[in-house]
Amino acid sequence: MKLVKAIIRPEKLSDVLKALYQADVEGVTVNRVQGHGGETEGVETYRGTTVKMELTDKIMLDIGVSDSFVDVTVNAILSSARTGEVGDGKVFVFPIEGVYRIRTGEKDEQAVTPVTGETNETTI
Amino acid sequence: MKLVKAIIRPEKLSDVLKALYQADVEGVTVNRVQGHGGETEGVETYRGTTVKMELTDKIMLDIGVSDSFVDVTVNAILSSARTGEVGDGKVFVFPIEGVYRIRTGEKDEQAVTPVTGETNETTI
Amino acid sequence: MKLVKAIIRPEKLSDVLKALYQADVEGVTVNRVQGHGGETEGVETYRGTTVKMELTDKIMLDIGVSDSFVDVTVNAILSSARTGEVGDGKVFVFPIEGVYRIRTGEKDEQAVTPVTGETNETTI
Amino acid sequence: MIKTGKLAGWAARLVLPGLVLLLAPELVEAQDAIDSGDTAWMLTSTALVLLMTAGLAFFYGGLVPSKNVLNTMMMSFVAFGVAGVLWAVAGYSLAFGGDGAFVGDLSMMFLSGVGMEASGSIPHILFMGFQGTFAIITAALISGALVGRMKFGAYIAFIAIWGLVVYAPVVHWVWSGGWLGGMGALDFAGGTVVHVNAGAAALAAAIVLGPRQDYGVRAMLPHNVPFVLLGAGLLWFGWFGFNGGSALAADGLGATGAVTTMFAPGATVVVWAFLDHFTTGEMTAVGLATAIVVGLVAITPASGFVTPMGAIAIGALAAFPSYYFIKWRTRSSLDDSLDVFGAHGIGGAVGAVLTGVFAAEAVGGTAGLLEGNPGQVVTQVIAIIGVLVYSVIATVVILKVIGAISGGLRPAADLELRGMDVIAHGEEGYATGDGAVLILEDD
Amino acid sequence: MIKTGKLAGWAARLVLPGLVLLLAPELVEAQDAIDSGDTAWMLTSTALVLLMTAGLAFFYGGLVPSKNVLNTMMMSFVAFGVAGVLWAVAGYSLAFGGDGAFVGDLSMMFLSGVGMEASGSIPHILFMGFQGTFAIITAALISGALVGRMKFGAYIAFIAIWGLVVYAPVVHWVWSGGWLGGMGALDFAGGTVVHVNAGAAALAAAIVLGPRQDYGVRAMLPHNVPFVLLGAGLLWFGWFGFNGGSALAADGLGATGAVTTMFAPGATVVVWAFLDHFTTGEMTAVGLATAIVVGLVAITPASGFVTPMGAIAIGALAAFPSYYFIKWRTRSSLDDSLDVFGAHGIGGAVGAVLTGVFAAEAVGGTAGLLEGNPGQVVTQVIAIIGVLVYSVIATVVILKVIGAISGGLRPAADLELRGMDVIAHGEEGYATGDGAVLILEDD
Amino acid sequence: MIKTGKLAGWAARLVLPGLVLLLAPELVEAQDAIDSGDTAWMLTSTALVLLMTAGLAFFYGGLVPSKNVLNTMMMSFVAFGVAGVLWAVAGYSLAFGGDGAFVGDLSMMFLSGVGMEASGSIPHILFMGFQGTFAIITAALISGALVGRMKFGAYIAFIAIWGLVVYAPVVHWVWSGGWLGGMGALDFAGGTVVHVNAGAAALAAAIVLGPRQDYGVRAMLPHNVPFVLLGAGLLWFGWFGFNGGSALAADGLGATGAVTTMFAPGATVVVWAFLDHFTTGEMTAVGLATAIVVGLVAITPASGFVTPMGAIAIGALAAFPSYYFIKWRTRSSLDDSLDVFGAHGIGGAVGAVLTGVFAAEAVGGTAGLLEGNPGQVVTQVIAIIGVLVYSVIATVVILKVIGAISGGLRPAADLELRGMDVIAHGEEGYATGDGAVLILEDD
Ligand SMILES: Nc1ncnc2c1ncn2[C@@H]1O[C@H](COP(=O)(O)OP(=O)(O)O)[C@@H](O)[C@H]1O
Ligand SMILES: Nc1ncnc2c1ncn2[C@@H]1O[C@H](COP(=O)(O)OP(=O)(O)O)[C@@H](O)[C@H]1O
Ligand SMILES: Nc1ncnc2c1ncn2[C@@H]1O[C@H](COP(=O)(O)OP(=O)(O)O)[C@@H](O)[C@H]1O
């Protein structure tokens, strides 16, 4: 089991979700965050107060996948989230030691076993 | 040291916090997120524009615990967050390589050592 | 590659970002969260309804760094985020198995290799 | 030409015992001529009272969790349509037509005979419109007890029927020659007709509906306190038309109605701040907004009968019962969610009683207790009880009938927990669009 | 002293065919005396219509994603400056000066000769100010078709020119002795002058600009529906001045204008709720707010010509075409982003036609189709087409010229996607300050 | 019956040098009869000015970080209670009672003798109420300099004392027969009395309090710019009553007051947009809202003395000093947090001077510099300096005394950083309820 954590542009979220869906990855958790990287920093002015905006809106995705699906998942993200401009984001892969499905209490592979059908088998 | 990351329903947050408290797990970080899983997707309409809502509000908890408390923590979450309906969420357990308490700069076990009393000993 | 995850006070964010910048750590993702720890809990009253506020606003930082920069990063955070009062937060260090730069698709060390100049070399 | 029946009722409103001889010649004249100044003020007042219902939507909408904000606001806004149209269809006639003791007649259904002719010193059509804005907000007021747990169709049916069966007759009782007006009950702008009436209906409806699924379990906090303050501000502003306009003229009485409306809530705010301070150590913003509404409610029946200093006394005194009732209510099992009964029912009743205490003959022509007329207080109490009892009983009956017909008044428990905005309206108050996928083909 | 030319045009507005003899003596008198009641109402009306533009900012601002909220709101607010100042400089004169058939003259440029003297029964200066508030909101209305994708400087240039070249002449056509008023076209408060005109301009501008980069690709949801309801509430409130004030007096006609404005949108809300219910199964808050605006637009041309029941009929009927047009539009490639044409263009045209149907001689002096005067409907249709065609053509020409001069009307595509607030104004609507670093040295 | 002393002061206000003979007979008559049109307008104006304080709460509340939104808004809302009640108790009498040169008397304490009798052409009670709304907003204006760092109890004590010790006397000086009115200082609606006065107090208070803990260190950005625009819109709307109502009649002068109020801020918006554009390259929404307020402030003293074109000139010119002062201030150590001095102090002073420049004899009866009366400018400057000096000194003394008694004006530094809403009111503006646990037993 691995956790794929991806930081992407907000406007790419729909595309990434669609790509994940097409890759049969259905479970994902989405988080509005702000990032700092190589992006040019905006300057804003409020009634004479000038500020440099060091953070840019981003979306962070957390996706738990079984080991065999890591590459599929990463590739789906890499191709669907790319614009080629600075600020496209990063993908990190982490080891997971245990997974539980709260609804049933199933652990690890049981938690990943699809309930029904084939499309679920890749998600936890 | 492990990090327990749980994705739960927002309406279950109070129950989970209470269960963690009863399990002597006191340190926790809470995050409003949105999840995509097996939940039925809502349809919303705004002035003729119809959209399918692929994401559902969830809460993500990050809880750093010492190895011996992993099971206690996971079980507290599993039992308090369950409704039995699709969408109850997942629990992931990750390995941690180091922990620091910012207030004191203590590291690892020192960071976990309770400041006073016994109820703190399980939290970092 | 490691991921440094820090939970800090919101009012310390600017200081931490500055300290990271001075430590040549430039990539960081920032997240508004709420934490529960040893902080005293506030009581609020809304038209007769009294509530105990168990959560305090915090900021969570996720920073991917190459192994050699872990200590630098952690120390920068520890020193810039400290007030000495309960509630300063925690720093966790996690192992990472893979990193990708979405813009280019580069992996691992390639993803970390600075595009230009020296100041970038420590960030992924 | 204005019909005699209506005028008689009307006269009962304006011409209070002791003033009849004095005002009568003026009234006879008034039938003949529209006064542009009075009309200007009544045009303004009508707009002001209409705005109050939007203000109420924000007052209520800010107090609920964000998952129910639209449902709560729509409960007010939909009254513009339902209560407004039905007022023209039949409500106005039931309230102001004919001269029965208990209800008007249908002689002015579909506004037949309601035109530009003078009614007093303003166009008849304008009097009808002004009164219509009261019908709208009274219906909307009740919704504060029902938020977060009522089928929207059932709500619409309820306010439609309630407006015709409860509101219009009660107006007739007090302001159009009915039994309470005939007894000499004082209610300048609706302390009994609007606030006790809506508060009683809210109490009954909260009990019939039962509490929200998570009431008493989870904290349901105001999601947007600035909206609550905005609502309070707009309500106060609009209330100048509510009370000042109830003089139906831009004269000394109208000025008294407006100026008492300006000062009474100020006194309530000051007292409420002290109560808050002694109870929790802090003055709260939600408390401040609540105090404004309670003060406005309390001065409503009195606004044309008391001096500004009397208004300040009423505003100050009215803070106590509402404050302690609301404090008790939130710890009880009574989920009158936004305290309609505590603010409007109790505030209106206290105001009506205090009208009987502080009424000054020099202001509105009737003396109160302090000027040696204790009987007025008794009359006021009878009016309060009469309206309260009728409103409670009728509300329970209407809701039971609707519930029986529509298969229950409430949505399924799990749906309710998800929030009324999504389940009853298919919308969110504050959508980010994250994860929203366009569906382009037709549904 | 008021100039004859202007008075003639004005008379054409007030004195409709068949009423000339009746009203003429009154008008002659009116020149001589300011009536305090009429002036009070027109002062109020002027403030009310000014507030509408702020209400519009919230109606529009709530409907867009949060990244464009300030840009959208500023498009309304900046009209206070641009359209307001230009109205004083030349717009008023072009609209109400002289007696040409197509446009006024420059005799009152810089408000020369516009002072405190009576014009009708109110000060001339007040008539000018009241009309100025119409110029402001008409310009702002168009912006709903342009949100999220127009250079702000180009927008300012557009509304500046449009106000002088399109709005002022059209006012002259209808309300100041121009060809449409001369034909007997009825437009009490601007169904054609304001709404068809702005709606047509919006349609043309949406086509010239082209759709937003992500239109039809991504869902762009209203970021704050309570703001939409706030806007609808403020618009309704202000519209009392818009329609009621268009009588220019606090009399029976003013009352009719206000009361029809109160009831028509209520009927639209009811019908819209049914349509929503049958289409999506749910009544929506955005739909409710839209219905209010459509009802207000539809009653605008009719408000001084029909009875309240006529208003209810107009409000109810007007729901259908706008509802179905908007439903179709959102699935089309026409990015009239906030449906200015659907609500104002179609609503205004339907209202104008129905004015010709429901006009009651007893109310405004002119009979409509139902009272046996089918010719009025034809006149109404001619007025609609005349205004629509002129507005479309002139809008296209103005935008093309501005685009040519300023190197395109739109910002670069990637900038547009980041949101207009940051790129055109250097601000965010809801800044948290996270990661914002003060720059203290001067820039 | 109206007292002679008060009338004398009042006459000084309405009857300006050169008009005495012309207006005198009218005034004599006016004492005897209430005019319904004038009363209608003053009723409306009173409601409008009351609404301004709610508007101010949003203007200010939107400009602060969300952790201080409620504290900031309550600083305005609590003035309704404190300043309102004290106005009835003693403020009105201190301002308008007796005929001393420096302060009124206590003859009308507790509104003794203030009833429905005519005062001019409106009920005396209404004049008192209208003036009370000015007392409320003037106190609230100061709060913009104090946000985010003042104990709430100390704030309440401050505005209570300031209203009686500073505001009421200054009103007397200018509008009720005091030394400045006697000198012939022109201040139609409060440029000096309200804005210079509040601006000076704000400057002094900001210095006495000292800057917020994180001022100049961290960026404190407006958390809700739409609220700022809402506040600006409501302020503009209400200002029609502020300036237009200051004529105390619905006549040509009232119309001038309203129409100049409509056009002046438009000109300020246009100039401010250019200044913004040349400075930062972009026109900002906060700038637009600020420009509206500056324009409104600047036209306040002039609104009944100049033509609309004069108003446009004043609005345009007033943009420059306020723009550059605010730009400088934000880089200085002076934490007048929301620029009360920059907008109201400077805007009011500039407006007062320009009143002396642009005053037109044909409008308000007094000629200004441009019509050959340079002395008026000198008089205006004396009035500004007189009010400014007194307000600064008295504010410092009041605050020092309160600070000494209450153990400091500010909360502990670490509490201040957590935000005033939680520490001073035990509430959050936008609570989600996450992690909130109900406490059901009594506290
Ligand atoms: N080392 C890092 N740790 C965590 N997040 C990062 C890191 N580097 C970049 N990010 C995230 O990715 C976003 C884009 O990164 P950036 O370096 O600008 O883009 P690119 O990969 O195109 O060079 C940042 O805004 C930040 O949210
Ligand atoms: N593979 C996954 N990775 C990350 N989050 C997931 C994953 N699967 C599910 N989730 C989260 O858990 C929530 C519930 O998941 P779902 O699969 O619908 O529930 P259940 O476990 O009851 O079948 C989702 O909304 C999402 O936030
Ligand atoms: N075991 C933990 N797991 C996750 N987050 C924690 C943990 N302990 C503390 N935190 C986070 O750190 C914040 C401060 O922790 P706390 O224990 O109060 O401070 P301190 O380290 O100064 O004793 C908390 O609000 C919470 O967000």
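Below, read A as the first sequence line, B as the second, and so on, with proteins coming before strands; counting in each chain starts at 1. Computed over heavy atoms, backbone and side chain alike; hydrogens, waters and symmetry mates excluded.
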Q: Do you know which of E:Gly81, E:Gly433, E:Gly238 has the most heavy-atom pairs under 4.5 Å to chain F?
A: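 The candidate making the most pairs under 4.5 Å is E:Gly81.
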Q: What part of E:Thr53 gets within 4.5 angstrom of chain F, counting heavy atoms only: side chain, backbone, both, or neither?
A: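 Answer is neither: E:Thr53 stays 4.5 Å or more from chain F.
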Q: Which region of E:Leu43, side chain (C-beta onward) or backbone (N, CA, C, O), has a non-hydrogen atom less than 4.5 Å from a non-hydrogen atom of chain F, or is it both or neither?
A: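 Both parts, backbone and side chain.
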Q: Examine whether an atom of E:Val114 lies under 4.5 Å from a heavy atom of chain F, and if so say whether it belongs to the side chain, the backbone or both; otherwise answer neither.
A: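 Neither the backbone nor the side chain of E:Val114 comes within 4.5 Å of chain F.
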Q: What part of F:Asp38 lies closer than 4.5 angstrom to a heavy atom of chain E: side chain, backbone, both or neither?
A: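 The answer is both parts of F:Asp38.
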Q: Can you tell which of E:Phe77, E:Phe152, E:Phe80 has the highest number of heavy-atom pairs within less than 4.5 Å of chain F?
A: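 Option with the greatest count: E:Phe77.
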Q: Would you mind checking which part of F:Ala362 comes under 4.5 Å of any heavy atom in chain E, side chain (CB onward), backbone (N, CA, C, O), both or neither?
A: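 Just its backbone gets close to chain E.
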Q: Atom OG1 in F:Thr256, atom CG in E:Leu126: separation rounded to 0.5 Å?
A: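 So the OG1 of F:Thr256 and the CG of E:Leu126 are separated by 9.0 Å.
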Q: Less than 4.5 Å to any heavy atom of chain F: does that hold for the side chain of E:Ala54, its backbone, both, or neither?
A: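 The side chain, not the backbone.
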Q: So for F:Thr284, is it side chain, backbone, both, or neither that comes closer than 4.5 Å to the heavy atoms of chain E?
A: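 Interface part for F:Thr284: both.
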Q: Checking E:Thr432 against chain F: side chain, backbone, both or neither under 4.5 Å from a heavy atom?
A: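 No part of E:Thr432 comes within 4.5 Å of chain F.
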Q: Please list, one pair per line, the donor and acceptor atoms closer than 3.5 Å that link side chains of residues 225-236 of chain E to other protein atoms, with sequence neighbours excluded.
A:
from     : atom 1 : to       : atom 2 : distance (Å)
E:Trp236 : NE1    : E:Thr261 : O      : 3.0

Q: Heavy-atom distances under 4.5 Å only: say whether F:Met283 touches chain E with side chain, backbone, both or neither.
A: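 Contact with chain E involves both backbone and side-chain atoms of F:Met283.
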Q: Taking atom CZ of F:Phe263 and atom CE of E:Met128, what is their separation to the nearest 0.5 Å?
A: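 So the CZ of F:Phe263 and the CE of E:Met128 are separated by 4.0 Å.
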Q: Measure distances from E:Ala88 to the heavy atoms of chain F and classify the residue's part below 4.5 Å as side chain, backbone, both or neither.
A: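 E:Ala88 touches chain F through backbone and side-chain heavy atoms alike.
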Q: Check each atom of E:Phe110 against the heavy atoms of chain F and say whether the ones under 4.5 Å are side chain, backbone, both or neither.
A: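 Interface part for E:Phe110: both.
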Q: Distance from F:Thr260 atom OG1 to E:Ile125 atom CD1, nearest 0.5 Å?
A: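 The distance works out to 7.0 Å.
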